[in-house]
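Note on naming: letters A, B, ... go to the chains in the order of the sequence lines (proteins, then strands), and numbering restarts at 1 for each one.
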Amino acid sequence: MKKLLIAIAAVMVSVATYAQSAVVFNNRVGTEVDAKVSRADGTGAGAGFTAQLYLVGGAGALTPLTPNTTFRTSSAAAAFYVNGVDVIIPGMAPGPVTLRMRAYNGADYNSSTIRGESANFTVTTQDPTLPGVNLVGLTGFSVLPVPEPATLALGALGLGALLIRRRK
Amino acid sequence: MAQANVFSVNAVGYVNTTLTPKFNLIANPLNAADNSINALFKNGVNGTIPNGLQVYKFNGTSFTTLTYDDLDGSFGTAGAATLVPGEGAFVRVPGTANVTITFVGEVMQGDLKNAYPKGLSIRSSQVPQEGVITALGFKGLNGDQIFMYDTAGQKYVTSTYDDLDGAFAPAPRALKVGEALFLKATAAGSWDRTFSVNN
């Protein structure tokens, strides 16, 4: 005679042969998540932008997670939001994870001319036998032009001149 | 006043569902005389239910595990739990060989109602037809999510219903006969469908 075993999530973890967690990378999920990504003119990011999630580690180290995704283009109202994808966070057992979302118009974030990122947020992932969790806590942000080095230098020069005048 | 004759036809049949090693998210596609898990999983082709095969029924927050033991040739008293059309369960196949289960029973017809709670549940089509969930009668609300199981990759593929587009995105693939999915509903509801084999 076999007893009915009440399986908690931890039992399922024993079946899995590796630690991983999953999140649903979507910045619009009903009333649970609504984190708009806007351009400087207030319109949605839309065409030409890539969105990517990053795992925030110790000392703020960022690890890009895959896959990345693009923004919706079906309407102006939808352009603030990404095409949802499932993201597996490798090497992370279920539990709290800190993430950051970035959006950019180039091949990667650092080389892009227009970009932006969210504040860090923490979600609690669950056993991989259960569906991925939504990005509750993600807040919206804007993608803005990155100042060119020449612009930055001129700005510094102007500030320096202002300080010299004040001393005189 | 002339009235059209209405014929009611009971359609009885069988469905072979092949389970691959590791996890499968399945449904009972036909209404059997006995929908208990002991009875449903008795009909392995050539009696090949492997020792240690496990069925996991989801109760909203956690799983209840039923384990097949070849000493008893059953899931024990736990196997009295049922799996009716419209529900679903995970089945874990140990080892490396596929297992084929034969479901025998009636095709469900009439005004069918498959109630689901707010939050997570495992659901399936009460009618044994293959199709995209919305073509099988499910009406999504903004924020509803479905998680279809990729058996080969042992992972979920999520689609979210967004009222901006009036559809699930990304577009979900067709749900196979005898396959279930996870549904995360923003509100309790009912997956309704009127079906007749005469149509």
Sort by residue number and list every member of residues 53-85 of chain A having a non-hydrogen atom under 4.5 Å from chain B. A/R72, A/S74, A/A77, A/A78, A/Y81, A/G84
Taking atom types as modelled, is there a side-chain donor on B/S36 or B/N38 under 3.5 Å from an acceptor on the other?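 No, no side-chain donor-acceptor pair sits under 3.5 Å.
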Please determine, by modelled atom types, if B/T102 and B/N16 share a side-chain donor-acceptor pair under 3.5 angstrom. yes
Does anything in residues 160-181 of chain B reach chain A? List residues with heavy atoms under 4.5 Å apart, or say none.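 Within residues 160-181 of chain B, the residues under 4.5 Å from chain A are B/T160, B/D162, B/D163, B/L164, B/D165, B/P170.
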Where along residues 130-143 of chain B does a heavy atom come under 4.5 Å of chain A, listed by residue number? B/N142, B/G143
Contact origin within B/F147 toward chain A - heavy atom pairs under 4.5 Å: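 Only the side chain of B/F147 comes within 4.5 Å of chain A.
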Atom group of B/L120 that falls short of 4.5 Å from chain A, counting heavy atoms: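 Interface part for B/L120: side chain.
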Checking A/T122 now: which residues fulfil side chain to side chain donor-acceptor pair (under 3.5 Å) with it, not counting sequence neighbours? A/T98
Please step through side-chain hydrogen bond (donor to acceptor under 3.5 Å, both in side chains) for the pair B/S74 and B/D72, ending with a clear verdict. CA-CA 5 Å; B/S74 77; B/D72 300 325; 4.9 Å; no
Given side-chain hydrogen bond (donor to acceptor under 3.5 Å, both in side chains), test B/Q145 with A/N26 step by step and report yes or no. CA-CA 11 Å; B/Q145 290 176 299; A/N26 194 336; over 6 Å; no
Heavy-atom contact with chain B under 4.5 Å, split by part of A/V29: both
Is there a continuous path of hydrophobic side-chain contacts, each under 4.5 Å between heavy atoms, that joins A/I88 to A/V24?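 No, separate clusters.
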Can you tell me if A/D86 uses its side chain to pair, donor with acceptor, with the backbone of B/T158 under 3.5 Å? yes
